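Take a look at the structure below.
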Amino acid sequence: GAGVSQSPRYKVAKRGQDVALRCDPISGHVSLFWYQQALGQGPEFLTYFQNEAQLDKSGLPSDRFFAERPEGSVSTLKIQRTQQEDSAVYLCASSLAGRNTGNTIYFGEGSWLTVV
Amino acid sequence: QKEVEQDPGPLSVPEGAIVSLNCTYSNSAFQYFMWYRQYSRKGPELLMYTYSSGNKEDGRFTAQVDKSSKYISLFIRDSQPSDSATYLCAMSAPETSGSRLTFGEGTQLTVNP
């Protein structure tokens, strides 16, 4: 596709369940970001990949959160033992360059996670 | 204190009004300043981009950056009902991870016909 694709768009998980969220970036894009957006808030940075290397994971809120991008294209964000506070929209973004000026980052439509 | 502060609103204006949105920030390393528009249940889409201080105009939209005051603004002229959305300011510094974005809280705007 032409844009950043995320799946599933909507996920309801029972507390304690593991979830996996997938991101297909724009083809050829080097940089990939994950953000978490709570209801009524702005997106918060979670982690950054340059190709397959995870260069920054400082925003991951706990060790229950894990992200990978093994072949430098598709990325998966995994949340283990989900808690209610994990309910949010998880946004994936990608950019062609490894160093960005901010105007070349494209967002997907997000995966809406509700933990019940 | 958050690095980027933005009044969440909500803001409600009549069609045709001039809308002023703004953000303040504390990190002097920020060099790139963006405004994103986010419709309900959609991802953010880039609206305006400015490098360092100055003004930029694109149609009905004008972005202003005042680095000395650490203050950025977005003006929307002749606002339309289709402008109803959440507006997010975002900033980045060139030496951080891929120039990752730091967002404000977002301002929810409604333009009434």
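As the structure is a computational prediction, the values presented were derived from the model and not from experiment.
Cluster membership for Phe61(B) and Trp35(B), using ILVMFWY side-chain heavy atoms within less than 4.5 angstrom, is shared. Val19(A) is not connected to Val89(A) by any chain of hydrophobic side-chain contacts under 4.5 Å among Ile, Leu, Val, Met, Phe, Trp and Tyr, and they are in different clusters. Under a hydrophobic clustering in which Ile, Leu, Val, Met, Phe, Trp and Tyr are joined whenever their side-chain heavy atoms come within less than 4.5 Å, directly or via other members, Leu32(A) and Phe45(A) fall into different clusters. If you chain together hydrophobic residues whose side chains sit under 4.5 Å apart, Phe33(A) and Leu77(A) never meet in one group. Tracing side-chain contacts under 4.5 Å through hydrophobic residues (I, L, V, M, F, W, Y), one never reaches Val4(A) starting from Leu21(A); they form parts of separate clusters.
Contact annotation for Tyr35(A): only side-chain heavy atoms (C-beta onward) come within less than 4.5 Å of a heavy atom of chain B. Contact of Gln38(B) with chain A is made through the side chain alone, with heavy-atom distances under 4.5 Å. Looking at Gln37(A), the atoms closer than 4.5 Å to chain B (heavy atoms on both sides) all sit in the side chain, from C-beta outward. With a threshold of 4.5 angstrom between heavy atoms, Pro44(B) approaches chain A through its backbone and through its side chain.
Contact detail for Arg41(B) and Arg9(A): the closest heavy-atom pair is O-NH2, 3.2 Å.
Applying a 4.5 Å heavy-atom cutoff, the residues of residues 109-116 of chain A that approach chain B are Glu109(A), Trp112(A). Residues of residues 104-113 of chain B lying under 4.5 angstrom from chain A, judged on non-hydrogen atoms, are Gly104(B), Glu105(B) by number.
Shown here is Arg77(B), whose CZ atom has more than 12 heavy atoms of other residues, nucleotides or ligands within 6.0 Å. Environment of CD in Glu85(A): crowded, with over 12 heavy atoms of neighbouring residues, nucleotides or ligands closer than 6.0 Å. Other residues, nucleotides and ligands contribute over 12 non-hydrogen atoms within 6.0 Å of the CD atom of Gln54(A). Within a 6.0 Å radius of NZ in Lys67(B), more than 12 heavy atoms belonging to other residues, nucleotides or ligands are found.
Here CZ of Phe103(B) is found 8.0 Å from CG of Leu91(A). Values are rounded to the nearest 0.5 Å. In this structure, CG on Leu88(B) lies 9.0 Å from CZ on Phe107(A), to the nearest 0.5 angstrom.
Cation-pi check for Arg100(B) over Tyr48(A) is not met; the charged atom does not lie both under 6.0 angstrom from the ring centroid and within 45 degrees of its normal.
Screening residues 54-91 of chain A for disulfide bond (SG atoms under 2.5 Å apart), with sequence neighbours left out, gives no hits.
With sequence neighbours left out, Tyr90(A) forms a side-chain hydrogen bond (donor to acceptor under 3.5 Å, both in side chains) with Gln36(A).
In this structure the side chain of Tyr36(B) reaches within 4.5 angstrom of the side chain of Ile105(A), judged on heavy atoms.
The greatest number of non-hydrogen atom pairs below 4.5 Å with chain B, out of Gly59(A), Gly40(A), Pro43(A), is found for Pro43(A).
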